[in-house]
There are 2 protein chains.
Amino acid sequence: MQDKITTILKAIADPTRREIFHALVVAATALPITQISNQFEISRQGITKHLKTLEDAGLVEINTKGRERFCYANTKPLAEINNWLAFYEKFWDTKINSLEQHLNKKG
Amino acid sequence: MQDKITTILKAIADPTRREIFHALVVAATALPITQISNQFEISRQGITKHLKTLEDAGLVEINTKGRERFCYANTKPLAEINNWLAFYEKFWDTKINSLEQHLNKKG
DNA sequence: TCGATATGCAACTATATGGTTGCAAATATA
DNA sequence: TATATTTGCAACCATATAGTTGCATATCGA
């Protein structure tokens, strides 16, 4: 389907998913789905879908115990983004505005 | 509409847009739209749409000169992502797997 | 002035996405 | 065992997204 970095970026590009992810990161413990969905306005099924997307990106891991499914955040895949950003960091302040360069050259 | 970080993340979540952005970053000079679209398989209008999305995120700035529109990359908005990531970096290696913690507690 | 080039706008299509509801199945508990 | 709880699956809906084509307009250069 799509590459790893795209999957990760799409997962966190949605504000609701970022909220879910954040809630899981700051939680001291793994949380079952219903308990997560209680913290949000949208339906449990909506939450489940978001969790699936986060799981596909490796940002959430889910472990079944009895009838419950405990979810916890895994922040490691975010390193991929950091990695992607690293290349462009070089340009953050040092790069001379290339348009101006261009226009100056041409007059 | 949506907040800044969401706009930026959505902009770079698309692989084609990341390619366009990359091409502009590594270009030594600002590039007119047609010249950019020559580097890609999709139509010029497709490229224009992507450029609009990147522009909305502040990742591309466009300057008209005559009949041409020169595009150049601005990497600075990426700092927002770096900022967002910073919080979670704390958890990258130090965090104890919270599910295991939880399960161990319960037996 | 006339033709070629660069672009924007609008309409359209197909598919992805974020969300919903209803229902069935599995597990826990009284 | 009967009931309540947690969940997954499937169908469905509305909107967003990625892409297309056609056409009009503005500018450049001969």
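Within every chain, numbering begins at 1; the chains are lettered A, B, ... in the order of the sequence lines, protein sequences first and strands thereafter. Hydrogens, waters and symmetry mates play no part in the numbers below; they use all other heavy atoms, side chains included.
Side-chain contact check for N82(B) versus E89(A): some heavy-atom pair is nearer than 4.5 Å. By the 4.5 Å heavy-atom criterion applied to side chains, W92(B) and L78(A) are counted as neighbours. Looking only at side-chain heavy atoms (C-beta outward), K10(B) and Q2(B) come within less than 4.5 Å of each other.
Distance, I33(B) CD1 to dC9(C) P: 10 Å, rounded to whole Å. In this structure, the CG atom of N63(B) is 15 Å from the C1' atom of dT7(C), given to the nearest Å. Computed from coordinates, the F70(A) CZ to dT27(C) C1' distance equals 13 Å when rounded to whole Å. As rounded to whole Å, 14 Å separates atom C1' of dT7(D) from atom CD of E55(A). Between the CD atom of Q35(A) and the P atom of dT5(D) there is a distance of 15 Å, given to the nearest Å.
Here H50(A) and F21(A) keep their ring centres 6.0 angstrom or further from each other.
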Please produce a list of atom pairs where a protein N or O lies less than 3.5 Å from an N or O of nucleotides 14-18 of chain D.
unit_1  : atom_1 : unit_2 : atom_2 : d
dA18(D) : OP1    : D14(B) : OD1    : 3.3
dA18(D) : OP1    : R17(B) : NH2    : 3.2
dA18(D) : OP2    : R17(B) : NH1    : 3.0

Where do N or O atoms of nucleotides 27-30 of chain D meet protein N or O atoms at under 3.5 Å, pair by pair?
unit_1  : atom_1 : unit_2 : atom_2 : d
dT27(D) : O2     : R67(B) : NH1    : 3.2

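At a cut-off of 3.5 Å, with distance as the only test, a side-chain donor of T6(B) or D3(B) sits close to an acceptor on the other residue.
Nearest approach of L24(B) to C71(B), heavy atoms of both residues: CD2-O, 3.5 Å. Closest approach of A11(B) and R17(B) over heavy atoms only: O-NE, 2.7 Å. In this structure, E80(B) and K4(B) approach most closely via the heavy-atom pair OE2-NZ, 3.4 Å. Of all non-hydrogen atoms in A57(B) and I8(B), the two that sit nearest each other are O-CG1, 3.8 Å.
Remark: R18(A) does not engage D14(A) in a salt bridge, criterion side-chain N to carboxylate O under 4.0 Å.
Proximity of a side-chain donor or acceptor of R69(B) to a complementary backbone N or O of L31(B) within less than 3.5 Å is not detected.
Of the residues in residues 38-48 of chain B, those placing a heavy atom less than 4.0 Å from an atom of DNA chain D are I42(B), S43(B), Q45(B), G46(B), in numerical order.
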